[in-house]
Amino acid sequence: MIARDRISKLTANLILLALGILFVLPLLWVLFASVNRTAGLRVELPTSPTFANFKAVLNTTTTYRPVLNGLVLCGGAALLTMVCAVLAAYPLSRFKTKFNRPFLLTVLFCTGLPITAVMVPVYGLFVQLNLVDTLGGTIMFMATSSLPFAIWLTKTFMDGVPISLEEAAWVDGASNMKALRRIVLPLMWPGIAVVLIFTFIGMWGNFFVPFMLLLSPERLPASVSIFTFFGQYGEPNYGQLAAYSLIYTTPVLLLYLLLSRKLGGAFALGGAIKG
Amino acid sequence: MTTSATAVPVPAGRKAGRNGRPRGANFVKMMPLAPAIGLMLVFLAGPILYCVYAAFTNMALTGTGAANVKFVGLDNFRKAFGSSAFTNSIWLTLVFTLISAIIGQNTLGLGLALLMRRSHRLVRNFVGTAVIGAWVLPEIVAAYLLSAFFNDDGTLNVILHKVGLPGQDWLYAAPIIAVSIANIWRGTAFSMLVYSAALSEVPKEIEESAEMDGAGGWRRLVFVTVPMISRAIMTNLMLITLQTLSVFGLIYAMTRGGPGTKSQTLPLYMYEQAFSFSQIGYGTAIALVMLAIGAVFSLIYLRGLNSEAA
């Protein structure tokens with residue numbers, strides 16, 4: 001029995017290692033190519049590592065402006081999402097009315113709505129309202145599209161804060177909003193952080209929405225500019241492409257590390273959505 | 001103050017008094033929902049309704065459909081289902097969803113989660129980091145990395161040559177397979193996390209007692225473990241199917257739907273019709289079909305979930 005157990009453990013480890021290597025190979029390419037002046041398309045160790053690729057892309061048009069745009073766009077949209085999600089989650093979590101279940105089911109359904117499907121009418125709506133190529137309009141749409149998932153997650157986290165604490169506050173005459181601000185929010189800040197960071201990461205990588213709704217090069221976030229910049233000039237410089245990809249990825253990597261170190265990260269997420 | 005006072009549920013009478021309270025109280029309590037509902041009405045419900053309207057018109061950005069929009073009944077749908085490009089994109093979407101989400105991400109995610117329970121800590125950390133690393137990458141970066149991987153000069157061919165197999169430019173030879181594998185590479189982490197969380201809540205004793213009764217590895221997996229996490233499986237399947245149906249950036253950046261229309265899934269076909277060819281009416285008809293496919297999948301999984309709960 002023990003020998004069999006050891007063999008099965010060994011097999012599990014070997015299969016996992018093989019899978020891990022398959023997952024790592026494309027990642028290695030971006031790491032190696034970014035410091036290789038003559039980078040090609042295959043994974044190869046650079047003979048003389050250099051930061052020239054990073055220097056070449058670190059300028060206003062290529063990097064600074066798109067990254068700043070991305071921060072404004074995704075930061076603004078994530079905050080708007082969070083405020084609306086917290087407000088919406090409170091009555092859903094605290095008061096049981098006939099309205100809750102249908103609303104939550106609608107939200108669950110919207111969570112999976114193929115956003116690409118509504119982009120044509122949204123574009124039409126933006127033309128009508130004169131919102132095409134405005135950061136404000138794009139922020140509102142991005143916030144809306146991530147709201148259903150954010151509401152769902154926030155409500156799940158809020159359900160974990162015992163209602164008895166608020167009942168004491170209510171007896172003392174506190175209003176709902178005061179109870180939410182003073183009692184519920186301080187107790188669920190890890191949950192808030194998880195939702196906020198996940199919303200931001202999702203938006204940071206989102207290509208289609210800003211690609212459709214923003215036109216001027218000076219308003220494009222990094223997710224779109226990387227595509228237009230390297231798509232325009234025929235054969236791209238792979239080293240620079242890799243360097244830029246790394247710079248563009250850094251914010252979400254940092255946020256993800258923060259999340260998994262401090263908050264149990266995605267495991268909390270997995271626990272929250274398994275329903 | 002009086003309004004907020006009526007909104008406060010009085011603890012002592014909470015159970016009995018709910019229905020007896022004036023209607024206004026419920027309304028005020030639900031007020032915080034307003035911003036979220038407002039945004040969702042304007043930017044989600046509005047566009048979906050507009051979709052339903054525009055799909056039955058000849059709306060276009062240029063030409064006759066731009067000047068005077070008129071109802072054309074089911075013409076757009078007739079045109080769609082009569083067009084080989086549309087049926088081709090439906091097939092490709094189903095193939096893409098089946099291979100990359102339902103089979104690929106789901107099975108691989110479950111497999112990884114199961115194997116990780118029996119593996120060494122170092123191996124587990126290495127694999128977990130690699131898989132999650134692929135997931136955290138922005139869509140377009142992932143597309144570039146996988147394009148490089150599948151290219152004629154790319155890493156995949158280097159490996160194939162090493163073991164004596166012929167290589168080719170996979171993005172030309174088998175584009176839909178290449179983008180499906182790209183989506184598996186990028187999306188498996190999500191299923192892995194969901195299943196890891198679900199498995200961690202399966203009581204050890206149940207599996208151990210099954211082992212005592214002589215159930216082998218596969219029997220234990222199929223008859224004990226999988227039924228215990230069936231809710232997680234259904235939820236996960238629903239979420240990843242719907243996500244995969246709407247994948248656009250990954251495919252667009254890797255192949256632009258090509259060569260020809262060999263990887264043109266529904267979102268890309270819709271984009272081409274609505275924006276490259278300016279056929280808004282026809283584009284929204286396609287969007288409506290896409291929403292309908294999403295709804296059908298949701299209903300199937302929700303049924304699965306409900307029958308599970310009952």
Side-chain angles (χ1 to χ4, degrees), chain A residues 9 12-13 15-17 19-20 23-27 29-30 40-43 84 87-88 90-91 95 97 109-110 112 114-118 120-122 124-125 140-141 144 147 151 167 170-171 175-176 204-205 207-208 223 226-227 241 245 248-249 252-253 256 266-267 270-271 273-275, chain B residues 4 7-8 11 26 29-30 32-33 35-36 39-40 43-44 47-48 50-51 115 118-120 123 126-127 130-131 133-134 136-141 144-146 148-149 151 153-155 158 193-194 196-198 231-232 235 239 242 245-246 248-249 253 267 274 283-284 287 290-291 294 298:
Chain A
K9 280 220 165 97
N13 280 321
I15 297 175
L16 272 181
L17 264 183
L19 287 172
F23 269 89
V24 139
L25 276 176
L27 292 171
W29 177 78
V30 77
L41 284 165
R42 63 187 59 181
V43 176
C84 293
L87 286 174
Y90 187 73
F95 310 119
T97 68
F109 181 70
C110 288
I115 277 305
T116 32
V118 294
V120 179
V122 164
L125 181 73
M140 280 198 280
F141 180 68
T144 312
L147 249 182
I151 292 178
E167 285 171 345
W170 286 331
V171 171
S175 71
N176 288 332
W204 187 255
F207 165 78
F208 194 47
S223 57
I226 185 179
F227 179 73
L241 179 59
S245 300
Y248 165 43
T249 308
V252 294
L253 277 186
Y256 193 82
F267 291 95
I273 63 163
K274 73 178 190 303
Chain B
S4 63
V8 173
N26 263 340
K29 280 194 311 200
M30 289 311 189
L33 276 165
L39 278 177
M40 281 160 60
F43 291 109
L44 278 181
I48 292 173
Y50 189 78
C51 233
L115 285 171
R118 307 188 62 85
S119 65
H120 192 268
V123 176
F126 163 68
V127 179
V131 175
V136 174
L137 284 187
E139 196 173 21
I140 298 300
V141 172
Y144 281 135
L145 294 195
L146 271 299
F149 185 74
N151 195 281
D153 300 323
T155 311
V158 175
L193 292 171
V194 170
S196 295
R231 280 187 70 81
T235 315
L239 291 173
L242 292 169
L245 276 179
S246 64
F248 176 86
T284 47
M290 212 148 86
L291 284 173
S298 303

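Order of the sequence lines fixes the chain letters, A, B, ..., with proteins taken first and strands second; residue numbering starts at 1 for each chain. Model, not experiment: these values are computed from the prediction.
- Here CD1 of A/I226 is found 11.5 Å from CD of B/E139. Values are rounded to the nearest 0.5 Å.
- Between the side chain of B/D153 and the main chain of A/L41, no donor-acceptor pair closer than 3.5 Å is present.
- The CD1 atom of A/I15 sits 11.0 Å away from atom OG of B/S119, with the distance rounded to the nearest 0.5 Å.
- With hydrogens and angles disregarded, a donor-acceptor distance shorter than 3.5 Å links the side chain of A/T116 to the backbone of B/S246.
- Remark: A/Y90 engages A/E166 in a side-chain hydrogen bond (donor to acceptor under 3.5 Å, both in side chains) (not counting sequence neighbours).
- When every heavy atom of A/N176 is checked against every heavy atom of B/K29, the shortest pair comes out as ND2-CG, 4.3 Å.
- Heavy-atom pairs under 4.5 Å with chain B were tallied for A/A12, A/P26, A/G20, A/S223; the largest tally goes to A/P26.
- Between the CD1 atom in B/I140 and the CZ atom in A/F207 there is a gap of 4.5 Å [rounded to 0.5 Å].
- A/F23 places none of its side-chain heavy atoms less than 4.5 Å from the side chain of B/F126.
- Between A/V43 and B/V158 the shortest side-chain heavy-atom distance does not fall below 4.5 Å.
- Two residues are said to be in side-chain contact when any heavy atoms from C-beta on lie closer than 4.5 Å; A/P91 and B/M30 meet this criterion.
- Inter-residue side-chain proximity for B/C51 and A/P121 is flagged as met; some heavy-atom pair is nearer than 4.5 Å.
- Counting heavy-atom pairs closer than 4.5 Å to chain B, the top-ranked of the candidates A/V122, A/V252, A/V120 is A/V120.
- Here A/L16 contributes atom CG and B/L115 contributes atom CG; the two are 4.5 Å apart, rounded to the nearest 0.5 Å.
- Proximity to chain A involves both the backbone and the side chain of B/A253, based on heavy atoms less than 4.5 angstrom apart.
- Contacts between A/L19 and chain B at a heavy-atom distance below 4.5 Å involve the side chain alone, from C-beta outward.
- B/F43 is listed as a side-chain neighbour of A/L125, based on a closest heavy-atom distance under 4.5 Å.
- When every heavy atom of B/L39 is checked against every heavy atom of A/M140, the shortest pair comes out as CD2-SD, 4.4 Å.
- Taking B/L245, B/L137, B/L146 one by one and counting their heavy-atom pairs under 4.5 Å with chain A, the maximum is reached by B/L137.
- Closest non-hydrogen pair, A/A88 versus B/A36, comes out as CB-CB, 3.9 Å.
- Residues B/P138 and A/G205 come closest through the heavy atom pair CB-CA, 3.8 Å.
- Taking all atoms of both residues into account, the shortest heavy-atom contact from B/R118 to A/K9 is O-CD, 3.4 Å.
- Heavy atoms of A/I115 lying under 4.5 Å from chain B belong to its backbone as well as its side chain.
- Looking only at distances, no side-chain donor or acceptor of A/S245 sits under 3.5 Å from a matching main-chain atom of B/V141.
- Not counting sequence neighbours, the partners of B/F248 by the ring pair (Phe, Tyr, Trp, His ring centres under 6.0 Å) test are A/F208, B/Y252, B/Y271.
- Residue B/V136 touches chain A through both its backbone and its side chain, counting heavy-atom pairs closer than 4.5 Å.
- For B/V131, the parts sitting under 4.5 Å from any heavy atom of chain A are the backbone and the side chain alike.
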